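Below: the structure, in structure tokens.
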Amino acid sequence: MNSPSIGWLKRVSLRWGVHPESRKRPAADLPVAVLPLPARLHLPLLQHIGAPAKPVVTVGQRVRKGELIAQSQGNISAPLHAPTSGRIAAIADFPAPHPSGLSAPAITIEADGEDRWTELDPPGDPFALSPQEVAARVAAAGVVGMGGATFPSSVKLALGRRVAVGTLVVNGGECEPYLSCDDRLMRERAAGAVDGMRIIRHAIGAREILCGIEDNKPEALAAMRAAAEPFAEVKIVAVPSRYPMGSDKQLIQVLTGKEVPADGRAADVGVLVHNVGTAHAVHRAVRLGQPLVSRIVTVNGGAVAAPRNLEVPVGALLSELVEACGGCVEAPARLVMGGPMMGHPLLSLDVPVIKGTSGILALSRAEVEQRREAPCIRCARCVGACPMNLLPLEMSALIRAGEAEAAVDWGLKDCIACGSCSYVCPAHIPLVHYFDHAKGELAARERAKMKQEATRQLAEQRSLRMAREAQEKAEAAARRKAERERAKAAKVAAEAAA
Ligand code: SF4
Ligand code: SF4
């Protein structure tokens, strides 16, 4: 049996975190169902961190499943591929899955119903590829962080080649209530997930793989342990069920004992983290040659008739997913993309699934009961819950007093917006909202400052250039004058000699 040999894990005492009600059942207990192919798929060009992809198709063009439809731009970006065969129906703005409800450029594909793959190019043995070749295949397949971060995975693989990484941590925590897409993936597709982890390890040259799974997922733990059994370098570790165990810094601390410094990256302590869904996408991309065109999405919430996990093509509308789960039994009081703690609200279900969509929640009125905010009673529960050892009460007091910069000194930038402090606050103070708002304001001020500085530098360069040009003109005029005087003197001398 492949089991953890991490002695210190038994001794670790976790003082942070909260235990929100899981609400993962019954969706977690049902096998993943396949969403019937929608008539149209809408693919936003920006569904990853970085620059948007650039269309390489034209309206009316026929495409096959897996064919490139938009290429990546710049160092941090990801390409898009057709999730089914059909015809490009539009390249135009379409409502984006964003809290603003605004539209963004997207490619719409009209499905032909045949779902025919383009010709794929699997490499045979992925372990015969060089690390660079693995990264290139992951980049070409458009794989991004599937846990919701959507950072292009190939960029992380390249980072692993630049810095010494001893440990690959695979995040199978899935600590957010309601979500169970990773749980089902690990139960049903463990062999592919373990293969993907080993391919990533090969690409970054890590010594070992530690895959952390919360101990409230015994079936996933058993399936992953069975799949990892033949590989000594892969350790499947049961970690305590506690929110936010699925946060990178917390999982690294629990699995390796290493603390990522404030403002630092996992790589600074010789670790890289990938989500278990990303590992499976890497398996598909490198072992099978398939680009990222579909994913598992949890459809859950008290308003959904029959919650479950669905395998869906990227670009399907959230309303189609909810419909496939029996529709709504009551008008949803709130729509959330992702989990209830770190997900973001949506205005409508008529927006598409993107690569980072782990779940869609249609919450009932009972689930979102409004609670009235009261004054802080200085109970310090928020302090005890914070996984980053911050003082949420002090930070929120400063922010409310209009001193967001001072809150930075108390660690505002280290806040991972997990919402644990808000969750435990008996005064119902929406602490994490204050932090999100302040971080957004500070980022906007920073951008404005950078713009001002860039404008100042441009103006300085312009005056320097103008001064230089004026000097050059004056020197040229002086030279011309001297030449004229020399010529005049020569003429006078010549006339005198004659
Ligand atoms: S948990 Fe709420 S009431 Fe208690 S100290 Fe923190 S902010 Fe104040
Ligand atoms: S302060 Fe930030 S990191 Fe700490 S519990 Fe609150 S939201 Fe989470």
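Please read all numbers here as calculations on a predicted model, not as lab measurements. Numbering of ligands and ligand atoms starts at 1, following listing order.
By the 4.0 Å N-to-carboxylate-O rule, Glu219 lies too far from Lys24 to be salt-bridged with it. Of the charged side-chain nitrogens involved, none lies within less than 4.0 Å of a carboxylate oxygen, so that Glu208 and Arg201 do not count as a salt-bridged pair.
Under a 4.0 Å criterion applied to the non-hydrogen atoms of Pro387, ligand 2 contributes the atoms 5 (S).
In this structure, Leu431 has no heavy atom closer than 4.0 Å to ligand 2.
The aromatic rings of His42 and Phe94 sit parallel, their planes meeting at an angle under 30°, below the 60° perpendicular limit.
Residues passing the side chain to side chain contact (heavy atoms under 4.5 Å, CB included) test with Ser241 are Glu214, Asp215, Asn216, sequence neighbours excluded. For the side chain to side chain contact (heavy atoms under 4.5 Å, CB included) test, residues two or more places apart in sequence or in another chain that qualify with Val299 are Val304, Leu310, Leu321, Val322, Cys325, Ile360. Looking at residues two or more places apart in sequence or on another chain, you find a side chain to side chain contact (heavy atoms under 4.5 Å, CB included) between Gln457 and Glu453.
No side-chain heavy atom of Leu251 sits under 4.5 Å from any side-chain heavy atom of Asp248.
Distance from atom 8 (Fe) of ligand 2 to its nearest protein heavy atom, with residue and atom name: Cys418 SG, 2.3 Å. Of the protein's non-hydrogen atoms, Cys421 SG, 2.3 Å is the one closest to atom 6 (Fe) of ligand 2. At the shortest separation from atom 4 (Fe) of ligand 2 among protein heavy atoms lies Cys386 SG, 2.4 Å.
Listed by chain and number, the protein atoms of type N/O/S under 2.8 Å from atom 8 (Fe) of ligand 1 are Cys376 SG; waters are omitted.
Proximity of a side-chain donor or acceptor of Arg265 to a complementary backbone N or O of Val260 within less than 3.5 Å is not detected.
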